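Everything on this sheet refers to the single structure shown next.
Remember, it's a predicted structure, so these values are computed and weren't measured experimentally. Reminder, nothing fancy here: chain letters follow the sequence lines and each chain counts from 1.
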Amino acid sequence: MPLDKAGPYAAEDADVTLRLAQRLVPPLQEMDLLVLYRDLEMPLVEVLAELEYNGILVDPGELDRQRERLEGEIERLKARIDDELYGAIGRTIDHDSPKQLSGALFAKPDAAEPGLGITPIKRTKTGYSTDAEVLTKLADDASVESPVPALVLEYRQLAKLVGTYLGSLKDEINPATGRIHASFNQTVAATGRLSSSDPNLQNIPIRTEVGREIRKAFIAPPGRVLVSADYSQLELRLLAHLSRDPALIEAFRAGEDIHSAVAAQIRGIPLSEVTKEQRSGAKMVNFGIVYGITAFGLARRLGVSNSEADEIITGYKKRFSGITTFLEECVAHAREHGYVETMCKRRRPIPDIESNQPNRRALAERTAINSVVQGSAADLIKIAMVDLHRRLATARDDAYDPLGGVLMLLQIHDELVFEAPQAGAEKARDVIVERMEAAMDLDVPLVADSSISQDWFGGK
DNA sequence: CTCCTCACG
DNA sequence: ACGTACGTGAGGAGA
């Protein structure tokens with residue numbers, strides 16, 4: 001039986017895509033209508049309609065069990081926060097109100113609404129910030145006696161998991177299919193990335209242990225498995241290709257760990273002598289380069305001074321002079337044309353590149369850099385998606401085709417998740433990886449890592 | 001509705 | 001002199 005949204009909406013989306021594409025309204029552009037690849041033509045919107053139609057199977061019992069466990073923890077944390085605050089300032093607060101927390105932490109003890117009198121660390125538009133960075137600093141600061149910052153950090157983490165995921169996802173399960181059929185939007189992100197909504201399946205937790213557990217609720221039906229494949233260092237490989245920087249290209253060709261290789265280069269030491277800390281610093285630099293690095297931003301993340309961060313950046317730019325030239329070219333292109341372009345000619349207007357306000361112009365310059373790299377990565381995985389979708393359609397009912405019975409379920413920017421018959425999963429995985437790695441012919445190898453598992457947790 | 005916060009790549 | 005690493009979506013408070 002057809003799903004409410006997948007049937008009629010698919011045709012409507014295609015029509016909207018066509019009309020918008022003809023007017024070339026950013027962020028939707030010509031390449032979104034037809035992704036041209038070798039002899040193949042396919043509107044990406046058909047692939048997305050397929051993803052939305054397929055959906056991913058979710059175990060509501062698993063969500064419930066995890067929710068109940070965390071709700072117990074949450075109640076205990078709330079009670080401890082209440083106790084601590086009542087003892088220290090004689091009042092309690094709404095645990096979900098940043099404004100009230102700000103008062104409780106930063107107001108003077110003798111104020112009408114008394115607070116702990118802690119010295120604020122950073123401001124928001126409307127007051128003092130209580131975000132995770134601030135609370136972590138307060139929790140680590142020996143001169144702050146109160147356990148409240150640490151408790152709120154823990155409370156916020158669990159409340160986020162219950163509120164946004166464990167409590168809400170169950171309501172998104174379609175009763176007819178037992179699956180969540182999220183939307184994958186083609187016309188939202190300015191860089192050309194997809195986005196996901198209702199619910200967003202591109203931000204399911206993975207970075208913390210307790211959060212990652214949630215992925216155990218995303219499962220394959222009996223006799224089937226989830227196959228996940230993700231590009232290794234996609235944006236940095238594209239940076240190497242686009243910039244033609246010899247050192248970065250050579251590091252990728254040699255199959256080196258790229259963060260360690262960059263650490264060795266900036267410090268002029270052998271790869272074997274790179275420490276964990278040096279690698280992690282280089283990783284921050286690599287991220288920073290793709291985002292449009294600033295000394296301030298790097299300093300904040302590395303916990304070093306502005307001038308030390310500046311020296312690191314200078315060293316990087318000297319060792320990787322091809323990258324430096326490329327970054328300058330991105331900015332120059334934006335100045336000359338008012339927009340930048342990805343590998344597949346997707347344009348993003350950069351109007352603020354001419355701004356007289358230094359901070360706006362600086363943001364425009366970082367945007368120019370990031371849009372080329374992030375947008376080209378989006379181009380690349382879209383090509384892989386169209387290619388794979390065609391193969392899946394051809395193979396659909398062919399039991400002898402490795403992709404027979406395989407469904408594409410999710411795209412998470414550099415990762416694709418499929419559902420496949422358990423029996424042929426390894427062969428299906430091999431074809432998927434092979435096609436993803438062949439999406440574009442770059443000056444560096446394109447590598448996709450993969451996993452096969454009963455649920456989305458078991459993977460990476 | 002805006003703001004803040006926080007989940008992901 | 002100025003505020004800062006890019007791109008998203010969602011939930012709760014507060015207005």
Side-chain angles (χ1 to χ4, degrees), chain A residues 27 93-102 122-136 152-153 155-169 172 182-185 188-208 210-212 214-215 230-231 233-236 239 284-302 306 309 313 327 330 340 348 350 355-375 377-378 381 410-416 460:
Chain A
I93 59 169
D94 182 336
H95 310 82
D96 293 317
S97 168
K99 189 185 160 106
Q100 290 185 37
L101 178 63
S102 170
K122 74 176 173 187
R123 304 195 60 112
T124 66
K125 277 184 199 170
T126 55
Y128 296 127
S129 173
T130 67
D131 69 14
E133 187 192 344
V134 169
L135 295 181
T136 303
V152 172
L153 270 175
Y155 167 77
R156 285 227 182 119
Q157 190 201 358
L158 301 187
K160 178 77 172 182
L161 298 180
V162 169
T164 306
Y165 303 102
L166 295 171
S168 312
L169 282 178
E172 302 283 350
S183 296
F184 286 88
N185 315 300
V188 174
T191 53
R193 272 191 174 184
L194 302 180
S195 81
S196 168
S197 60
D198 309 300
N200 183 358
L201 291 184
Q202 290 181 323
N203 71 345
I204 303 302
I206 194 170
R207 293 176 187 169
T208 68
V210 56
R212 186 176 170 172
I214 294 173
R215 295 184 171 225
D230 70 302
Y231 286 110
Q233 305 297 346
L234 181 56
E235 293 189 354
L236 280 179
L239 181 68
M284 292 293 181
V285 175
N286 281 331
F287 271 100
I289 291 292
V290 170
Y291 293 153
I293 202 163
T294 66
F296 185 94
L298 183 65
R300 198 152 63 101
R301 280 163 185 78
L302 289 184
N306 269 12
I313 294 169
L327 301 180
C330 287
V340 289
R348 177 173 183 181
I350 312 283
S355 175
N356 295 322
Q357 300 177 44
N359 54 338
R360 289 182 72 132
R361 197 170 61 242
L363 173 60
E365 291 173 1
R366 297 196 296 273
T367 305
I369 291 164
N370 178 256
S371 297
V372 174
V373 180
Q374 188 182 117
I381 194 168
L410 303 175
Q411 188 253 39
I412 309 101
H413 309 306
D414 63 358
E415 172 186 11
L416 296 175
K460 316 166 291 64

Pairing string, 5' to 3', for DNA chain C - Watson-Crick or wobble contacts under 3.5 Å, brackets [ ] where pairs cross, | to another strand:
.....|||||||||.
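- The shortest non-hydrogen separation linking Val373(A) to Val290(A) is CG1-CG1, 4.0 Å.
- Thr294(A) comes within 4.0 angstrom of a nucleotide base, judged by non-hydrogen atoms across all strands.
- Looking at Arg207(A), its side chain has no donor and acceptor atom pair within 3.5 Å of the base of dA7(B).
- An OP1 or OP2 oxygen of dG9(C) is reached within less than 4.0 angstrom by a side-chain nitrogen or oxygen of Ser195(A).
- Using a 4.0 Å heavy-atom criterion, one finds that Asn200(A) contacts the sugar-phosphate atoms exclusively.
- Listed by chain and number, the residues in a ring pair (Phe, Tyr, Trp, His ring centres under 6.0 Å) with Tyr291(A) amount to none (sequence neighbours excluded).
- Arg300(A) comes within 4.0 angstrom of the backbone, heavy atoms only, and of no base.
- Heavy atoms of Leu234(A) sit nowhere under 4.0 angstrom from any nucleic acid atom.
- Annotation: of the two residues near DNA chain C, Asn359(A) and Gln374(A), the 5′-most nearest-nucleotide partner is Asn359(A).
- The nearest whole Å value for the distance from the OH atom in Tyr155(A) to the C1' atom in dG11(C) is 11 Å.
- When each of dG9(B), dG11(C), dC6(C) is scored by its nearest atom to the side-chain atoms of Ser168(A), the top-ranked nucleotide is dG11(C).
- At a cut-off of 3.5 angstrom, counting only N and O atoms as typed in the model, there is no donor on one side facing an acceptor on the other between the side-chain of Lys125(A) and the base of dC3(B).
- Comparing dG9(B), dT4(C), dA1(C) by their nearest atom to the side chain of Pro358(A) picks out dA1(C).
- dA5(C) sits 15 Å from dC4(B) when the P atoms are compared, rounded to a whole Å.
- The separation between Asp96(A) atom CG and dC6(B) atom C1' is 13 Å, rounded to whole Å.
- Side-chain proximity of Tyr165(A) to the nucleotides dC6(B), dA7(B), dA5(C) is greatest for dA7(B).
- Between the side chain of Gln202(A) and the base of dC8(B) there is no donor-acceptor pair of N/O atoms closer than 3.5 Å.
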Go through it in stages, so that I can follow the logic: the residues are Leu410(A) and Leu416(A), the test is side-chain contact (heavy atoms from CB on, under 4.5 Å), and I'd like the CA-CA distance, side-chain angles, deciding distance and then a yes or no.
CA-CA 6 Å; Leu410(A) 303 175; Leu416(A) 296 175; over 6 Å; no
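- Side chains of Thr191(A) and Asn370(A): a donor-acceptor N/O pair is absent below 3.5 angstrom, by distance only.
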